[in-house]
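Because the structure is predicted, anything quoted here is derived from the model rather than measured. Every heavy atom of this structure was used, including side-chain atoms; hydrogens, water molecules and symmetry mates were not. Labels below follow one simple rule: chain letters A, B, ... track the order of the sequence lines, proteins then strands, and each chain is numbered from 1.
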Number of protein chains: 2
Amino acid sequence: MIFSKRCLHALRAVLYLGTQPPERDFIPIREISKKLDIPFHFLTKILKDLADKGFIESSRGAAGGIRLAKPTAELNVKEIIESIEGEDYFSGCILGFSKCDSDNPCALHDRWVAIKEEIQKMLGEEHLEVLSTRIQEQGLRLLEM
Amino acid sequence: MIFSKRCLHALRAVLYLGTQPPERDFIPIREISKKLDIPFHFLTKILKDLADKGFIESSRGAAGGIRLAKPTAELNVKEIIESIEGEDYFSGCILGFSKCDSDNPCALHDRWVAIKEEIQKMLGEEHLEVLSTRIQEQGLRLLEM
DNA sequence: CTAATTGCAGACAAAGTTGTCTTAATTAAA
DNA sequence: TTTAATTAAGACAACTTTGTCTGCAATTAG
């Protein structure tokens, strides 16, 4: 599995938010936790991170919860993954070296450049707006079976 | 960083073996540990795994060490990565679900299929033979700077 | 045979990830 | 104003990954 649990939980939670009917405002974390089978307190921490990064907003108290901070058209999968796994998760060196570029390439640099650019392109194009409607229309899963 | 430390250490060690002159037989793990700056005992365990999987052979005692178990043309980067990270590391579901295919796709399935096939293709084509000569001819790095 | 050199095995430790629990702070509604 | 519902914060624990250490087993050189 390529992504950490934190990242998977974050992705699924954000996709859940994106697929909620627009008339819903703040959605309780408890609801997401139950629907997606993610440990509540763990999810709370992860979502707090996403809130600090500006992806979601939260409100305490009754009728509180979380909601997306931007329109779904302005949120893509890549930036959510990178906010959890680190900004250089896809752009970094495949051998983990901090300085690796065409001037000082690692042994796998050339081949990896092509792959990682493709990954970034595809995931960067994957906006929540399209994704959410696709999930709803085709009944795509956010849950383990 | 996409790969675990175990995997990076394994990759670099195998690439080191591939770039050694053919007249060298068994190469001491201590040498690899020093040259690549990888903790010795940790590396020993990782290489034991690779030996159990059939990628390398080892010999104890004086003049002992490890060597590749197959010709470099028959070893590629993909199988080494998968032997460390797990067979489904690249082929599995991006949301981590155990059952995810075209019949029961997860929310990101379609897009991810294209990317992961590309990754597997490229890394599967990356044989140690070509890689090693490229590393030697172009002086590519196996080390952090 | 002996000694030196190496990989092997397993206990242990340090650090990171994942998850649980309790309490506090905030908000809306009764 | 009280009460219920909710996020926030932080201590703690379980587990995994990463790394260290010690001694053992095998092999070769002398």
Side-chain donor-acceptor pair present, A/Arg24, A/Gln20, cut-off under 3.5 Å
yes
Residues within residues 10-38 of chain A bordering DNA chain C, heavy-atom distance below 4.0 Å:
none
Could you tell me whether A/Lys70 atom NZ has more than 12 heavy atoms of other residues or ligands within 6.0 Å of it?
yes
Please report the closest heavy-atom contact between A/Arg141 and B/Cys100, naming both atoms and the distance.
NH2-CA, 3.4 Å
Atom CG of B/Leu50 to atom C1' of C/dG7: distance rounded to whole Å?
14 Å
Separation of A/Ile84 atom CD1 from C/dT18 atom P, in whole Å?
10 Å
Please enumerate all residues that pass side-chain contact (heavy atoms from CB on, under 4.5 Å) together with B/Lys45, with sequence neighbours excluded.
none
In whole Å, what is the span from the CZ atom of B/Phe3 to the C1' atom of D/dT18?
18 Å
Could you go through B/Ser4 and B/Glu85, starting from their C-alpha distance and side-chain angles, then the distance that decides it, and tell me whether this counts as side chain to side chain donor-acceptor pair (under 3.5 Å)?
CA-CA 8 Å; B/Ser4 66; B/Glu85 304 287 19; 3.1 Å; yes
Between D/dC21 atom P and B/Phe40 atom CZ, what is the distance in whole Å?
13 Å
What is the minimum heavy-atom distance between B/Phe90 and B/Trp112, and which atoms define it?
O-NE1, 4.5 Å
A/Leu43 CG to D/dA8 P, in whole Å, measures 11 Å
What's the closest nucleotide to the A/Arg6 side chain, out of D/dT7, C/dT18, C/dC8?
C/dT18
Are OP1 or OP2 of D/dT6 and a side-chain N or O of A/Ser59 less than 4.0 angstrom apart?
no
What is the distance from NE2 of A/His9 to C1' of C/dT17, rounded to the nearest Å?
11 Å
Taking the side chain as everything from C-beta on, heavy atoms only, tell me whether A/Ile66 gets closer than 4.5 Å to A/Ile32.
yes
Protein proximity profile, nucleotides 9-16 of chain C - base contact B, sugar-phosphate-only contact S, no contact -, cut-off 4.0 Å on heavy atoms
B-B-----
Please assess A/Ser98 against B/Glu144 for the test side chain to side chain donor-acceptor pair (under 3.5 Å), listing each intermediate value before the final yes or no.
CA-CA 7 Å; A/Ser98 57; B/Glu144 180 71 273; 3.1 Å; yes
Of the listed nucleotides (C/dT20, D/dG19, D/dT27), which one gets closest to any side-chain atom of B/Ala62?
D/dT27
For B/Gly61 and for B/Pro39, locate the closest nucleotide of DNA chain D by heavy-atom distance; then report the residue assigned to the nucleotide nearer the 5' terminus.
B/Pro39
Over all atoms of both residues, closest heavy-atom pair of B/Ser83 and B/Lys53:
O-NZ, 2.7 Å
Between C/dT17 atom C1' and A/Asp49 atom CG, what is the distance in whole Å?
13 Å
In whole angstrom, give the distance that lies between atom CZ of A/Phe42 and atom C1' of D/dC12.
15 Å
